[in-house]
Each structure stands twice: as C-alpha cells, then as structure tokens.
Asks: 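Following this message is one structure expressed as structure tokens.
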Protein chains: 2
Amino acid sequence: MAEEPNRMIAPSPIGETQNRLLDAAEELFMEHGFEATTLRQITAAARVNLASANYHFGGKEALFQAVLTRRLDPMNIERVRLLDELETNAGARPLSVEQILWAMFLPAMQLSRDRARGGKNFLRLLGRAYVDPAPFIRNFLKEQYADMVTRYKKAFSAALPHLPKQELSWRLHFTLGAVAYTLAGTDLVQVVSSLSPQDADNDEMFLRRLLPFLVAGLESPLKDPSVVKEAT
Amino acid sequence: MAEEPNRMIAPSPIGETQNRLLDAAEELFMEHGFEATTLRQITAAARVNLASANYHFGGKEALFQAVLTRRLDPMNIERVRLLDELETNAGARPLSVEQILWAMFLPAMQLSRDRARGGKNFLRLLGRAYVDPAPFIRNFLKEQYADMVTRYKKAFSAALPHLPKQELSWRLHFTLGAVAYTLAGTDLVQVVSSLSPQDADNDEMFLRRLLPFLVAGLESPLKDPSVVKEAT
DNA sequence: GTCTATACCACGATAGAC
DNA sequence: GTCTATCGTGGTATAGAC
C-alpha cells in the first residue's frame with residue numbers, strides 16, 4: 001500500500017519499459033496491422049525482453065488495447081468536452097453539422113500535431129483499427145467508446161431533425177468509413193505526394209477538403225430517387 | 001502437352017479441387033481477413049489436402065489474388081463496358097456524377113445478387129481487401145485495376161470540370177473510403193438489423209442511401225471556408 | 001516488483017517421398 | 001496429384017537473477 005503513492009492520480013509516470021513497449025507497439029501496429037505484427041518485433045524494437053510484454057500487459061491483444069487507450073481516452077474526453085461547450089454556447093439553438101464535425105476533428109488534429117502524443121502515427125493506427133476485422137478490436141472500440149458515439153449521434157440528430165433515425169445511422173456510417181479509410185491512409189501517401197508534396201504535412205488543408213465533403217453528404221436532402229437506372 | 005487440352009481457352013472448367021479451394025478461401029478470407037486466415041482452415045473447409053493449395057496456386061498470397069481475380073475481372077470489364085455505353089448514348093454531353101456512380105455500382109449489385117458468383121460474400125471480401133494493410137494486396141489492386149480507375153477518373157473529371165484535379169482526387173478517395181468501409185461491413189450487420197431487419201438483404205435500399213450521400217459530397221461547391229473554428 | 005533466459009506447444013508453409 | 005515429415009516462427013508460461 002505504502003509503495004503505491006500515486007496510483008490512479010498520475011497516469012503518466014509508468015515504468016520506462018512500459019512506455020518503450022507502447023511506443024514500439026504503436027509504430028509497428030500502425031505499419032503492419034495487428035495480425036502481421038509479432039511480439040518479437042515489438043520487444044526487439046523496444047529493446048526489452050520478449051517476456052516483458054506479457055508481464056506488463058498480459059498478452060498481445062491487451063497490449064494493442066493499451067496502445068489505443070493511451071491516446072484515445074484523453075482525446076475522446078476532449079471531444080465530449082468540446083461538444084458540451086459548443087452546446088452551452090449555442091443555448092437552445094441546435095449546432096450545425098459543421099460545428100459538430102469540428103468538435104470531432106479538432107482534438108484529433110491537435111493530437112496529430114503533438115509528437116509527444118503519437119502525432120500522425122497514432123491517427124493512422126486508429127484508422128487501421130477501425131477497419132481491422134479482428135473481433136476483439138471491434139468489440140473494444142464499440143464498448144469502450146459507446147458513450148462518445150451516442151453523445152455525438154444525439155447532436156447530429158438535433159442538427160438534422162428531418163432525417164429518420166435509420167437514414168442518419170447510414171450517413172454516419174458512410175462518414176465513419178470515409179474518415180477511417182483516409183486515416184488508415186493505405187494509399188494516402190500516394191494521393192498526396194503525387195499532386196502536391198507540400199500538402200503532405202498539412203492537416204488543415206486536409207480537413208478543408210474532407211469537411212465540406214462530409215457536410216454535403218450528411219445534409220443532402222431526402223429525395224425519392226425514382227430516377228436513373230437507365231443503364232443497359 | 002497432350003495433357004493440357006484447354007488451357008487459356010476455357011477459364012471456368014478448372015479442376016474440382018481448385019474451385020473448392022477458391023470457394024473455401026473466399027469464405028474464410030471474407031470472415032477473418034488475410035493474415036488471420038490459415039491454409040489449414042481453408043484446406044480443411046475445402047476437404048482437400050493441405051499441400052494442394054500450394055500445388056495449385058503457389059502459396060497463400062497467390063490464392064488470395066486468385067480469389068479476387070475470379071470475380072473482379074469480369075465485374076470490372078462490365079463496369080468499363082457500361083461506362084462506354086453510357087458515354088456513347090450521351091454523345092457530347094458529359095455524364096452526371098450519379099450516372100457514373102451507377103455504372104460503378106450496377107455490376108457490383110448484380111454480382112451480389114448472384115450466388116453463383118459469390119454473392120454478398122465477395123463484396124464484403126472486396127471491401128476488406130481495400131482496407132487491408134498487406135502491401136501485396138495494395139499493389140495487386142493498384143496494378144491490376146489501374147485501367148478501370150483512370151477510366152472512371154476521367155469520366156468524373158468531365159462531370160466535374162470546375163474541380164481542380166487535386167480536389168477531385170481527394171473526393172474520390174473519400175468516396176472509396178465510404179464504399180470500402182461499408183462493404184467490409186464490419187459493423188454493418190448491426191447498423192442494419194438494429195433498425196430494420198427487412199432491409200438487411202436489400203441492396204437497392206442500400207444504394208438509395210449511399211448514392212445521394214456520395215453525389216452530394218462529390219458535387220459540393222468549392223468554397224473557401226474562412227469560417228467556423230469558433231471552438232475553444 | 002521487475003527483468004531475463006529459456007522452454008513449450010501449436011501452427012503455418014513447404015519440399016520431397018510416394 | 002496426394003500425403004507426410006520437417007523446419008521456422010508465433011504467442012505464452014515459468015523459473016530464477018537482480
């Protein structure tokens with residue numbers, strides 16, 4: 001008891017090896033995905049013993065979750081805080097779709113600019129996690145951040161009151177897809193560098209393109225398309 | 001020589017074991033992703049010997065590519081054919097974004113309705129492939145279908161002449177993300193069944209939601225957003 | 001407590017015998 | 001064209017040094 005002075009109070013001063021493991025794992029999981037990354041690679045990169053991954057985290061899956069949690073928990077707390085703030089300022093008026101999206105992306109952008117918090121690497125890993133088929137990852141994301149998701153869903157619902165719940169769910173699903181795929185950035189480097197190398201590091205430029213796309217899609221009017229289909 | 005009567009002429013009557021392997025592989029890759037799927041699982045499901053996968057296809061990666069090629073080659077040929085047809089009919093007028101998207105999705109929808117060609121399973125696998133981090137998958141998709149991609153990019157460019165090339169590339173990137181993520185359908189089942197079970201099998205309903213979303217995003221006007229950012 | 005070396009067991013892929 | 005033996009490698013458990 002006396003040997004645990006500041007547990008649950010100061011989360012950061014965990015052991016040196018823990019951090020080295022988390023950093024190395026973050027990098028390698030980001031690069032190769034969960035399955036293709038081995039504990040031997042991770043422990044070698046972190047220059048710690050193979051067994052320490054198991055000792056400190058209890059297994060590969062738990063390590064992966066720890067990598068995500070380290071960055072994601074603070075980010076999501078900030079996301080909710082921002083949304084609360086915006087809603088308070090708006091009073092009775094509902095927020096705009098654009099405002100809500102900003103509240104989602106601003107914390108992510110700040111994180112991506114902070115190398116001490118993982119920088120761009122982490123966002124790429126996050127994108128990868130969202131599209132990974134491993135069930136434990138899916139469940140983890142689903143359970144761990146259900147609060148934030150419902151919180152934002154409610155905000156979107158207020159911003160788009162004319163949309164049926166079902167339609168909104170689909171549109172948010174498409175939105176998440178565009179975001180996750182882009183963050184995962186499997187061919188993002190090519191898209192960017194092929195046309196404008198100076199943009200490669202410019203997350204603001206990136207958001208200036210993504211946000212209008214999403215806003216337009218989310219706000220598009222409901223119309224019954226008894227149209228087109230003229231093919232063949 | 002005399003023992004290979006119809007090589008390169010008739011592609012479909014390949015050996016029974018080949019087809020069993022392809023079918024089993026399609027199912028399992030779709031379910032677990034490339035890395036997490038083992039040749040032992042595949043050969044067991046196909047009830048063929050473990051080594052036959054190697055014998056007939058030359059390895060796990062080649063088998064995966066064969067699974068994709070079998071369905072994707074015909075589908076993409078049809079996609080290009082449809083686009084050609086539409087453009088011929090339109091004469092000098094450029095196609096609309098919606099028409100182009102229909103040309104992309106119609107062959108996919110037809111395939112998804114044809115159980116003999118893999119049905120929905122294959123589209124899910126395709127979505128998974130698009131988001132898989134494995135480099136060989138990325139290169140394969142990139143190289144194998146570069147023609148179709150540039151073909152469609154040109155059509156979109158004609159439909160959206162006011163958009164800078166760079167902007168168009170990004171928007172198509174977002175589009176692909178929304179599509180791939182949705183096809184991969186990692187949590188699609190939940191979205192669908194939670195709200196309307198009868199929609200679960202209705203691909204037309206699905207397209208009626210996806211297409212307007214994409215059209216709105218792709219066609220959204222270019223505006224310089226010196227806006228918002230009012231958060232914190 | 002933390003770290004290390006090492007052993008274990010399961011499994012994937014493949015080459016060579018049949 | 002099929003079966004099997006083998007080799008490398010993965011995650012994990014344990015025993016003991018510090």
Side-chain angles (χ1 to χ4, degrees), chain A residues 1-29 31-67 132-137 140, chain B residues 1-7 13-29 31-67 132-137:
Chain A
M1 282 289 187
E3 312 205 34
E4 290 187 19
N6 49 12
R7 271 263 208 166
M8 308 224 62
I9 292 166
S12 67
I14 53 176
E16 176 67 8
T17 47
Q18 264 120 320
N19 271 326
R20 294 163 73 110
L21 276 168
L22 288 171
D23 291 341
E26 185 171 80
E27 176 80 18
L28 288 165
F29 282 139
E31 190 71 33
H32 308 292
F34 176 75
E35 286 285 350
T37 305
T38 72
L39 283 180
R40 289 178 161 87
Q41 288 175 269
I42 294 168
T43 50
R47 286 177 305 177
V48 300
N49 188 272
L50 168 63
S52 48
N54 232 289
Y55 174 75
H56 285 290
F57 296 97
K60 190 184 174 187
E61 295 191 354
L63 174 59
F64 186 83
Q65 291 175 348
V67 169
D132 200 295
F136 91 93
I137 298 178
F140 173 73
Chain B
M1 282 292 188
E3 312 205 37
E4 291 187 18
N6 49 12
R7 272 262 211 167
I14 53 177
E16 177 67 8
T17 46
Q18 265 119 320
N19 271 326
R20 295 162 73 110
L21 276 169
L22 288 172
D23 291 342
E26 186 171 80
E27 176 80 18
L28 288 164
F29 282 139
E31 190 71 35
H32 309 293
F34 176 75
E35 287 285 350
T37 305
T38 73
L39 283 181
R40 281 182 149 90
Q41 291 175 266
I42 294 168
T43 50
R47 284 176 306 175
V48 301
N49 187 272
L50 168 61
S52 49
N54 222 285
Y55 175 75
H56 287 292
F57 295 97
K60 192 182 172 187
E61 296 192 353
L63 175 59
F64 187 82
Q65 291 175 350
V67 169
D132 200 294
F136 92 93
I137 297 178

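Per chain, numbering begins at 1; letters A, B, ... match sequence-line order. Note: hydrogens, waters and symmetry copies are ignored here, and every other heavy atom, side chains too, is used. Fair warning: this is a prediction, and the values are worked out from it, not measured in the lab.
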Asks: Figure out the CD/C1' separation between B:Glu61 and C:dA13, and round it to whole Å.
Replies: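 Taking atom C1' of C:dA13 as the reference, CD of B:Glu61 is at 12 Å.
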Asks: Report yes if the side chains of A:Gln41 and A:Phe29 come closer than 4.5 Å at any heavy-atom pair, otherwise no.
Replies: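 No, every pair of side-chain atoms sits at 4.5 Å or beyond.
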Asks: For the CD atom of A:Glu26 and the CG atom of A:Asn19, what is their distance to the nearest 0.5 Å?
Replies: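 These two atoms lie 10.5 Å from each other.
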Asks: Rounded to the nearest angstrom, tell me the gap between atom CD in A:Glu16 and atom P in C:dC3.
Replies: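 Roughly 10 Å, once rounded to whole Å.
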Asks: Both A:Gln41 and A:Ala51 contact DNA chain D. Taking the nearest nucleotide for each, which residue is further toward the 5' end?
Replies: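 Result of the comparison: A:Gln41.
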Asks: Please tell me if the side chains of B:Leu22 and B:Leu63 come closer than 4.5 Å, counting only heavy atoms from C-beta onward.
Replies: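 Yes, at least one pair of side-chain atoms sits under 4.5 Å.
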Asks: Tell me the interatomic distance from A:Gln18, atom CD, to C:dC3, atom C1', rounded to whole angstroms.
Replies: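 About 12 Å, once rounded to whole Å.
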Asks: Are any of A:His56's side-chain N or O atoms less than 4.0 Å away from OP1 or OP2 of C:dG1?
Replies: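 The answer is no; no side-chain N or O of A:His56 sits under 4.0 Å from OP1 or OP2.
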Asks: Taking only side-chain nitrogens and oxygens of A:Tyr55, does any of them come within less than 4.0 Å of OP1 or OP2 of C:dT2?
Replies: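 Affirmative; the distance criterion is met.
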Asks: To the side chain of B:Leu39, which of C:dA13, D:dT2, C:dT6 is closest?
Replies: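 The nucleotide sitting nearest to the side chain is C:dA13.
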Asks: Just to confirm, is there a sub-4.0 Å distance from OP1 or OP2 of C:dG12 to any side-chain nitrogen or oxygen of B:Thr38?
Replies: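 Affirmative; the distance criterion is met.
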Asks: How close or far is atom P of C:dC8 from atom CG of A:Asn54, stated in whole angstroms?
Replies: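 Taking atom P of C:dC8 as the reference, CG of A:Asn54 is at 17 Å.
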Asks: Name the nucleic acid region contacted by A:Thr43, choosing base, sugar-phosphate or nothing; use a 4.0 angstrom heavy-atom cut-off, strictly under.
Replies: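 Nothing, no heavy atom under 4.0 Å.
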Asks: I would like to know whether A:Phe136 and A:Phe34 meet ring pair (Phe, Tyr, Trp, His ring centres under 6.0 Å); could you show each step before the answer?
Replies: CA-CA 11 Å; A:Phe136 91 93; A:Phe34 176 75; 4.9 Å; yes
Asks: Find the distance A:Lys60:NZ to D:dT12:C1' and express it as a whole number of Å.
Replies: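 Answer to the nearest Å: 12 Å.
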Asks: I want to verify a distance call: between D:dG1, C:dT14, D:dG10, whose nearest atom is closest to the A:Arg40 side chain?
Replies: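 Side chain of A:Arg40 sits closest to D:dG10.
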Asks: Is there side-chain contact between A:Leu21 and A:Thr43, with at least one heavy-atom pair below 4.5 Å?
Replies: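 Yes. Closest side-chain heavy atoms under 4.5 Å.
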Asks: Just the rounded figure in Å: distance from C1' of D:dG11 to CG of A:Leu50.
Replies: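 The answer, rounded to whole Å, is 8 Å.
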Asks: In whole angstrom, give the distance that lies between atom CZ of B:Phe57 and atom P of D:dG1.
Replies: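 Computing the B:Phe57:CZ to D:dG1:P distance gives 12 Å.
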Asks: Give the rounded distance in Å between these two atoms: CG of A:Asn49 and C1' of D:dA17.
Replies: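 One finds 12 Å between C1' of D:dA17 and CG of A:Asn49, rounded.
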